[in-house]
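The next block holds one structure in the form of structure tokens; read it before the comments.
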2 protein chains.
Amino acid sequence: MAANTRQKLLDAAESLFSQQGITTTPLRQITELAGANLAAVNYHFGSKLGLAREVLRRRLDELNSERLKRLDQLEAQDDKPATLDQLLEALIEPALIMSRDDALGGMRFVRLLARAYAENDRELHRFLREHYSHVMRRFARAMSQALPEMDAANLRWHLDFVIGALTYAMADFTGHFSHMNQIHIDAKTIAQHLVRFAAAGLSAADAAAAPSTPTGTARTLLGG
Amino acid sequence: MAANTRQKLLDAAESLFSQQGITTTPLRQITELAGANLAAVNYHFGSKLGLAREVLRRRLDELNSERLKRLDQLEAQDDKPATLDQLLEALIEPALIMSRDDALGGMRFVRLLARAYAENDRELHRFLREHYSHVMRRFARAMSQALPEMDAANLRWHLDFVIGALTYAMADFTGHFSHMNQIHIDAKTIAQHLVRFAAAGLSAADAAAAPSTPTGTARTLLGG
DNA sequence: GTATGATTCAAACACTTGTTTGAAATGTGC
DNA sequence: GCACATTTCAAACAAGTGTTTGAATCATAC
């Protein structure tokens, strides 16, 4: 059954890639776990890279379409623009829910994503950027309205702070400090905390970027 | 000359590991860059893992001792406890300065650190935890005084948000969104922004953890 | 049934990996 | 000079890598 082994290969590869990394995982281990023959990978996906691309594309499309759906809903209510908290929720919640929901592949996908970035494969990077950057650009544009004082460049790398925090929260692949996956707090709770954390950080940056700082006292009250 | 090739191997390995990852970099490439013989690695470091450990230890000790030195200074002024901003500076600035200073190996080390975490080598993880976690514990203890409302667990994974943002800021190894290393903003500036970002986020979390929320209005004022 | 295409399979291919070996070279102390 | 340990080197080793091959199996249509 053709589609069956294709699917089993994808599942096995996702699981093993996320645990061991892409370049580190041998094809033979994947095919063994999938109960398929070694040559099946090259038959169905052309090459190992082709398999990796397909594994990533499956989940990435799912995640990004969910994010954009939420963003569309927020922008549809066009009488009042979306708040920063709402935008951050639309960006963060789908990722965390997906990373914690075993039915969707659990946190495997996110670990895999982090690993894929860490690997230096240029083709893989280009592939990921093509499937990712347009979403981030749309969110950046939407957020710039909620953060009027920050210019584009400033907002972009503050958003990188957020993405960095999100990635760590999802993957927790360091294990050097906390151990979220042991505690297993539900995704919504962590998302709430991360949204508040990011909103406060971005707002503080926005306030600091203002030429006159009317909220300066409030920041001192909070951050001092 | 013994110490010479040892040093050249370490330098070459650090450079290549940070660009390509540890498991992905062949020993032959390292020895070629170092102008040494292939067998030199096993002679001087016992194995490839031994070389990787030594590469990491060099920089990690340097970074952590700088962090702890600053923390000691803050705790020495024992009449007034350190502020959150000061503690975050002590944690963040050494890492960012090191990551940007070419004389210290540039951002190579940080990329390497991120890669080392991404790789699934259990021995390497254990090694990193042993050389890292005690520093984070000391900072967590110091910060809990500046954030009286948060309990230990809460603080710990909010600190993971900070470390995640810091790692991304240092490594910028995603390249999927912003490109800090193209802009080359100086480390102190980025550190300032990240400290403010993290301080605001942590303070907001602390305020939200308080049973009665007197600063709740201030947060609304900031976080929209 | 047979013919045709899609899929599976065991085997081999060419290549790279980290490590080991044992002899040469170099340095060091006397 | 000699003796001795340290360091370098070319070569080979065993194991693992992704990919290819060509025959065998299966499904489907006629």
Side-chain angles (χ1 to χ4, degrees), chain A residues 1-57 112 115-116 118-127, chain B residues 1-57 112 115-116 118-127:
Chain A
M1 201 160 282
N4 211 335
T5 69
R6 221 188 101 97
Q7 208 65 22
K8 281 195 280 189
L9 283 174
L10 284 172
D11 291 340
E14 182 180 72
S15 172
L16 292 173
F17 282 165
S18 67
Q19 290 173 44
Q20 308 173 347
I22 296 174
T23 58
T24 324
T25 302
L27 282 183
R28 284 163 176 81
Q29 199 179 352
I30 298 173
T31 55
E32 189 187 8
L33 179 61
N37 184 272
L38 171 62
V41 169
N42 288 280
Y43 176 74
H44 284 286
F45 302 98
S47 69
K48 188 186 181 182
L49 182 68
L51 171 62
R53 264 205 286 257
E54 193 58 24
V55 166
L56 286 170
R57 204 184 54 71
L112 170 57
R115 279 187 199 294
E119 316 221 359
N120 212 7
D121 193 305
R122 294 194 175 277
E123 280 203 63
L124 211 57
H125 276 189
R126 201 166 50 79
F127 174 80
Chain B
M1 201 161 284
N4 210 336
T5 70
R6 223 188 100 95
Q7 208 65 22
K8 281 195 279 188
L9 283 174
L10 284 171
D11 292 340
E14 181 179 74
S15 171
L16 292 173
F17 282 166
S18 65
Q19 290 172 44
Q20 307 171 348
I22 295 175
T23 58
T24 324
T25 301
L27 281 183
R28 284 164 177 81
Q29 199 179 352
I30 298 172
T31 54
E32 188 187 8
L33 180 61
N37 186 272
L38 171 62
V41 168
N42 287 280
Y43 176 76
H44 285 285
F45 302 98
S47 68
K48 187 186 181 182
L49 181 68
L51 171 61
R53 263 205 287 256
E54 193 58 24
V55 167
L56 285 171
R57 203 186 53 73
L112 171 56
R115 280 187 199 293
E119 315 221 0
N120 212 7
D121 194 305
R122 293 192 176 279
E123 281 203 63
L124 211 56
H125 276 188
R126 202 168 48 80
F127 174 80

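Computation of the quantities below employed the complete heavy-atom set of this structure, encompassing side-chain atoms and omitting hydrogens, waters and symmetry-equivalent molecules. So you know, we letter chains A, B, ... as the sequences are listed, proteins then strands, and number each from 1.
Remark: A:Arg57 pairs with A:Glu54, A:Asp61 by the side-chain hydrogen bond (donor to acceptor under 3.5 Å, both in side chains) rule, at least two apart or across chains. Taking the side-chain hydrogen bond (donor to acceptor under 3.5 Å, both in side chains) definition, one finds that A:Thr31 meets it with nothing, sequence neighbours left out.
Rounding to the nearest 0.5 angstrom, the gap separating the CG atom in B:Leu10 from the CG atom in B:Leu51 is 6.0 Å. Atom CG in A:Leu9 sits 9.5 Å away from atom CG in A:Leu33 (nearest 0.5 Å).
In this structure, A:Lys48 contributes its side chain and A:Pro26 its backbone to no donor-acceptor pair below 3.5 Å.
An OP1 or OP2 oxygen of D:dT8 is reached within less than 4.0 angstrom by a side-chain nitrogen or oxygen of B:His44. Between B:Thr5 and D:dT8, a side-chain N or O to OP1/OP2 separation shorter than 4.0 Å is present.
If you measure from atom CD of A:Glu32 to atom P of C:dA10, you get 13 Å, rounded to the nearest angstrom. Look at OH on A:Tyr43: it is 7 Å from P on C:dT8, rounded to the nearest Å.
Heavy atoms of other residues, nucleotides or ligands lying less than 6.0 angstrom from CD of A:Glu32 number 12 at most.
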(message) For a quick check, with a 4.0 angstrom heavy-atom cut-off, what is the B/S/- contact string for nucleotides 15-22 of chain C, read 5' to 3'?
(response) --BBBBB-
